[in-house]
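Data block below; observations after.
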Amino acid sequence: MSIQQSDVLYTAVATAHNGRVATDDGRLDVVVNPPEELGGSGAGTNPEQLFAAGYSACFQGALGVVARGRNIDLTGSTVTARVGLGKNDDGFGIIVEISATVPAVDAATARDLVEQAHQVCPYSKATRGDVTVTLV
């Protein structure tokens, strides 16, 4: 379900210009270039890395929300997002693989937590239907 402007609790603002991207508060300011695999210099970071960083952080947060609701300890847990870029019928598209480890619980419980986190993570919701996301 979509939110309305009146529901917004926080808005992040970033601007890309001349090979850099920066947030309005100055906390993020990086050089952005295509990776060498796509003919770029590979200097700095690229949009896919930024998306992977954001998605993994967001998913970790969603995992925390789900775990707290079930009184489960997430100490030592990690979430890794792998974002692939490739050609499709419309030009380019991305594919995502999310892997998470939750050492404090058994494999079945960890899998259940990850699946629940995928339902509440804003990045997962935003990509649903347009991006293939695999949970491993």
Side-chain angles (χ1 to χ4, degrees):
M1 178 189 292
S2 298
I3 65 170
Q4 302 301 313
Q5 187 62 38
S6 60
D7 299 320
V8 172
L9 302 174
Y10 170 76
T11 300
V13 179
T15 302
H17 179 70
N18 287 338
R20 295 190 78 78
V21 66
T23 56
D24 63 337
D25 62 7
R27 291 185 181 165
L28 177 73
D29 186 347
V30 295
V31 172
V32 179
N33 281 300
E36 291 178 21
E37 296 86 347
L38 297 176
S41 68
T45 189
N46 60 64
E48 295 72 35
Q49 289 172 323
L50 294 171
F51 189 80
Y55 203 154
S56 63
C58 188
F59 202 95
Q60 178 74 33
L63 192 61
V65 167
V66 171
R68 278 190 299 281
R70 293 175 55 184
N71 225 12
I72 294 175
D73 180 18
L74 283 185
T75 301
S77 68
T78 62
V79 174
T80 300
R82 290 175 179 79
V83 175
L85 175 70
K87 291 186 177 182
N88 64 14
D89 294 337
D90 298 332
F92 290 91
I94 60 172
I95 187 169
V96 179
E97 181 181 287
I98 299 285
S99 60
T101 59
V102 186
V105 298
D106 61 80
T109 302
R111 179 70 183 181
D112 186 52
L113 288 170
V114 167
E115 288 174 359
Q116 287 183 26
H118 187 49
Q119 295 307 308
V120 300
C121 173
Y123 273 60
S124 291
K125 288 180 178 182
T127 59
R128 198 162 286 133
D130 290 323
V131 174
T132 299
V133 177
T134 305
L135 305 174
V136 294

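Across every non-hydrogen atom of Ser77 and Val102, the tightest pair is CB-CA, 4.2 Å. For the residue pair Val120 and Ala62, the shortest heavy atom distance occurs at CG2-CB, 3.8 Å. Considering every non-hydrogen atom in both Ala110 and Val105, the closest pair reads N-CG2, 3.6 Å.
By the criterion of side-chain heavy atoms lying less than 4.5 angstrom apart, applied directly or through intervening Ile, Leu, Val, Met, Phe, Trp or Tyr residues, Leu50 is not grouped with Ile94; the two fall into different hydrophobic clusters. Put simply, Phe51 and Leu38 are part of the same group of oily side chains (I, L, V, M, F, W, Y) that touch within less than 4.5 Å, one to the next. Both Phe92 and Val133 belong to a common hydrophobic cluster when Ile, Leu, Val, Met, Phe, Trp and Tyr are linked at side-chain heavy-atom distances under 4.5 angstrom. Each of Ile95 and Val83 belongs to its own hydrophobic cluster when Ile, Leu, Val, Met, Phe, Trp and Tyr are linked at side-chain heavy-atom distances under 4.5 angstrom. Following chains of ILVMFWY side-chain contacts shorter than 4.5 Å, one cannot reach Val30 starting from Leu85, and the two form parts of different hydrophobic clusters.
The side-chain heavy atoms of Pro47 and Val32, taken from C-beta on, include a pair separated by under 4.5 Å. Contact of the Val21 side chain with the Thr15 side chain is not registered, since no non-hydrogen atoms from C-beta on lie closer than 4.5 Å. The shortest distance between side-chain heavy atoms of Arg82 and Val96 does not fall below 4.5 Å. A 4.5 Å side-chain heavy-atom check between Arg111 and Leu135 finds at least one atom pair inside the cut-off.
Within the structure, every pair that satisfies the side-chain hydrogen bond (donor to acceptor under 3.5 Å, both in side chains) test and touches residues 36-47, not counting sequence neighbours, is listed here: Thr45-Gln49, Asn46-Gln49. Sorted by first and then second residue, the salt bridge (charged side-chain N to carboxylate O under 4.0 Å, His left out) pairs with a member in residues 2-20 read Arg20-Asp29; sequence neighbours excluded.
When only modelled atom types and interatomic distance are considered, Tyr55 and Ser124 share a side-chain donor-acceptor pair under 3.5 Å. Counting only N and O atoms by type, the side chains of Thr127 and Asp130 include no donor and acceptor under 3.5 Å apart. Donor-acceptor pairing under 3.5 Å is recorded for the side chains of Thr101 and Thr78.
No donor-acceptor pair under 3.5 Å is formed between the side chain of Asn33 and the backbone N or O of Gly40. Panel note: side chain Thr23, backbone Leu28; a donor-acceptor pair is recorded below 3.5 Å.
A distance of 7.0 Å separates OG of Ser56 from CD1 of Ile98, quoted to the nearest 0.5 Å. Distance check, rounded to the nearest 0.5 Å: OG1 of Thr134 to NE2 of His118 gives 8.5 Å.
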